[in-house]
Number of protein chains: 2
Amino acid sequence: MARRSYDQYCPAARALDVLGERWTLLMIRELLLGPKRYTDLLEGLPGIAPNVLADRLRHLQTAGIVQRSSLPPPAASMVYELTPLGDELRPVLLSLMTWGLHFLGQPKPGENASPRWLLQLLEAGADLGAARGLRESYQFCIDGSVLHVVVDDGRVEAREGPAHEPVLVSTTDFDTFLALGARTITAAEAVAQGKLEFEGDPEAGERAITILGGRLIPFGGTDIPVRAAA
Amino acid sequence: MARRSYDQYCPAARALDVLGERWTLLMIRELLLGPKRYTDLLEGLPGIAPNVLADRLRHLQTAGIVQRSSLPPPAASMVYELTPLGDELRPVLLSLMTWGLHFLGQPKPGENASPRWLLQLLEAGADLGAARGLRESYQFCIDGSVLHVVVDDGRVEAREGPAHEPVLVSTTDFDTFLALGARTITAAEAVAQGKLEFEGDPEAGERAITILGGRLIPFGGTDIPVRAAA
DNA sequence: CTGCATCCGCCTCGATACTG
DNA sequence: CAGTATCGAGGCGGATGCAG
């Protein structure tokens, strides 16, 4: 029953003793977007077996990375959420995603895709300096998904679901979102073509582009050397 | 024969398609310290099966992360080294090691340990601002291992082996090195007790402590909340 | 000695079915 | 909705062998 360990007095090996098994880091990716129910995780991780998910969740709880909570009264359901220790994995996932851009390329036919996996990239490329002293949120509606980005005095985090009081709501389809990320179209052009709708304070739009769009490494395009996965 | 994939259009999933298997990220950890021969990797990764190592090396080569090179004339042997793409994994490993400190604790009896796995932490905690405009290297002799840290105008990297022209050579045993990392002893105290030997420019010693020791998170101690691996 | 390939046994994982 | 039970395939660990 003992979990397989690398048995090395090394911080990387210790981290991988806890996180190194299949699916575990992708579960963290999902939970970084906010608390999730068991079935939310199941459908957010296409291909995972239910017993594997249950096993991982138990393990992450005993390791202090994830905790179970009950949602406030109306919805009496259990959710899994990251503890502060689990939230400290954010830099790990963000650096991994940044590196993974080299292998992203174009979506393959039949491949699972979700706007939320790409929206997290905004977090990785955010200009934290420009976010200092600011406290607001931007909402993104992409195809059917609703997500938002919270800016809180130097912290920038992507979350799933609608924002509390967004100063800006952006609506696009998935292809336009990809094109924006790949820099094959600008926001202004997309608006002109009716593919992108802005709602809210125009100045907030400028701030959002400064904070989120400035240093973002293009994705889905060929601006960075891309390697085919073997 | 096809490698197992998550089949998700997500940069994190793409990265894990390439790096997610057992041992792979620890191989990167080893190679970040410099080029290594097959047998060096074999003994640097205690417990790995030779066929697994060979398989991973082939895979990393086809992915463009590792390349084979022949050493300069005297030693006519093959080594594996990171490509620029592979070297871009440095932030991933450093953030993983930083997080892994929460689970490091004290060495368990019988556990594999090496000073190089801890020396890499100096890289993670380095004050890059203080390293600006500076170009020098510090050598560390710990028990029998020889390592060094290269400072090159804002870049700080730990490497295995002796330094080229170190401005400073520090010699300790492993326990003292651990105690310094845990902050249970200061460098001055260790020198006074004859457990730490400095050789070289005293001013360089001050610079080294400023760059490497300033923001370093203590390891091996209990200054940060520690969780037992389940 | 280095750099693997082969064989074997276990144990993790994936897929499906089933239950409170 | 939130998992548990079962079973087969395959990745992995350990030992051994062998070519350059």
Side-chain angles (χ1 to χ4, degrees), chain A residues 1-8 13 16-27 30-31 35-62 66-81 112 230, chain B residues 1-8 13 16-27 30-31 35-62 66-81 110-112 230:
Chain A
M1 199 57 189
R3 209 158 271 270
R4 199 183 292 270
S5 163
Y6 288 111
D7 281 324
Q8 296 181 3
L16 291 171
D17 280 343
V18 183
L19 306 170
E21 292 172 306
R22 196 164 162 77
W23 292 109
T24 306
L25 279 170
L26 292 187
M27 289 171 60
E30 293 296 307
L31 292 172
K36 293 258 187 299
R37 292 176 303 176
Y38 181 85
T39 41
D40 295 333
L41 290 169
L42 212 54
E43 69 176 318
L45 300 165
I48 195 173
N51 57 347
V52 172
L53 177 58
D55 179 51
R56 299 287 186 277
L57 283 172
R58 267 192 300 268
H59 175 232
L60 289 174
Q61 280 176 263
T62 67
V66 163
Q67 63 188 13
R68 285 180 59 145
S69 311
S70 33
L71 284 180
S77 181
M78 286 297 188
V79 291
Y80 296 91
E81 63 184 348
N112 298 295
Chain B
M1 199 55 188
R3 212 157 270 270
R4 199 181 295 267
S5 164
Y6 288 110
D7 282 326
Q8 294 180 4
L16 291 172
D17 280 344
V18 183
L19 306 170
E21 291 171 307
R22 197 165 160 75
W23 293 109
T24 307
L25 279 171
L26 292 187
M27 290 171 60
E30 293 296 306
L31 292 172
K36 293 259 188 302
R37 292 177 304 177
Y38 180 85
T39 42
D40 296 333
L41 290 169
L42 211 53
E43 68 176 319
L45 301 166
I48 194 173
N51 57 344
V52 172
L53 177 58
D55 180 50
R56 299 287 186 277
L57 283 171
R58 268 192 299 269
H59 175 232
L60 288 175
Q61 282 176 265
T62 66
V66 164
Q67 62 189 13
R68 286 180 59 145
S69 312
S70 31
L71 284 180
S77 181
M78 286 298 189
V79 290
Y80 295 91
E81 61 184 351
E111 190 174 45
N112 298 295

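Basis for what follows: all heavy atoms, side chains included, without hydrogens, waters or symmetry-related copies. Numbered from 1 within each chain, the chains take letters A, B, ... in sequence-line order. Bear in mind the structure is a predicted one, so any value in this text is a computation, not a measurement.
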Protein-nucleotides 4-6 of chain C N/O pairs under 3.5 Å:
unit_1	atom_1	unit_2	atom_2	d
C/dC4	OP2	B/Y80	OH	2.4
C/dA5	OP1	B/R58	NH1	3.4
C/dA5	OP2	B/R58	NH1	3.3

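Distance, B/L45 CG to D/dG14 P: 13 Å, rounded to whole Å. For the pair B/K36 NZ and C/dG3 C1', the computed distance is 17 Å after rounding to whole Å. Atom pair A/L53:CG and C/dA15:C1' shows a separation of 15 Å (rounding to whole Å applied). Here the P atom of nucleotide D/dA9 and the CZ atom of A/R22 are 19 Å apart, to the nearest Å. Rounded to an integer number of Å, the gap from A/L26 CG to C/dG14 C1' is 15 Å. Rounded to whole angstrom, the span from the CG atom of B/N112 across to the P atom of D/dG13 amounts to 14 Å. One can place CD1 of B/I48 at 15 Å from P of D/dA15, the figure rounded to the nearest angstrom. Spacing between atom CE of A/M78 and atom C1' of D/dA2 amounts to 11 Å, rounded to whole angstrom units.
A sub-4.0 Å separation between OP1 or OP2 of D/dA2 and a side-chain N or O of A/S77 is present. The phosphate of C/dC11 (OP1 or OP2) has no side-chain N or O of A/R3 nearer than 4.0 angstrom. Note on B/W23: every side-chain N or O is 4.0 Å or more away from OP1 and OP2 of D/dG11. For A/R56 and C/dC13, the shortest distance from a side-chain N or O to OP1 or OP2 is below 4.0 Å.
To the nearest 0.5 Å, atom CG of residue B/L41 and atom OH of residue B/Y80 are 8.5 Å apart. Considering NZ of A/K36 and CE of A/M27, their distance stands at 12.0 Å, rounded to 0.5 Å.
Smallest separation of non-hydrogen atoms from A/G44 and B/Q8: O-NE2, 4.3 Å. Contact detail for B/V52 and B/W23: the closest heavy-atom pair is CG1-CD1, 4.1 Å. A/V18 and A/T24 make their closest contact through O-CG2, 4.0 Å (heavy atoms, listed as atom of the first residue, atom of the second, distance).
A rotation axis mapping the C1' atoms of four pairs onto the next four is fitted at both ends of the helix from C/dC1-D/dG20 to C/dG20-D/dC1 over five pairs, and the angle between these axes is 40° to 10 degrees.
In this structure a side-chain-to-backbone donor-acceptor pair under 3.5 Å is present from B/N112 to A/D7. Between the side chain of B/R56 and the backbone N or O of B/R22 there is at least one donor-acceptor pair closer than 3.5 Å.
Cation-pi geometry between B/R68 and B/Y38 is not satisfied (NZ or CZ under 6.0 Å from the ring centre, within 45° of the ring normal).
Of the options B/L60, B/D55, B/T62, a side chain to side chain contact (heavy atoms under 4.5 Å, CB included) to B/R58 is made by B/D55 and by none of the others.
Both A/T39 and B/G47 sit near DNA chain D, but only A/T39 has its closest nucleotide nearer the 5' end.
Closest to the side chain of A/R4, out of C/dG14, C/dT2, C/dC11, is C/dC11.
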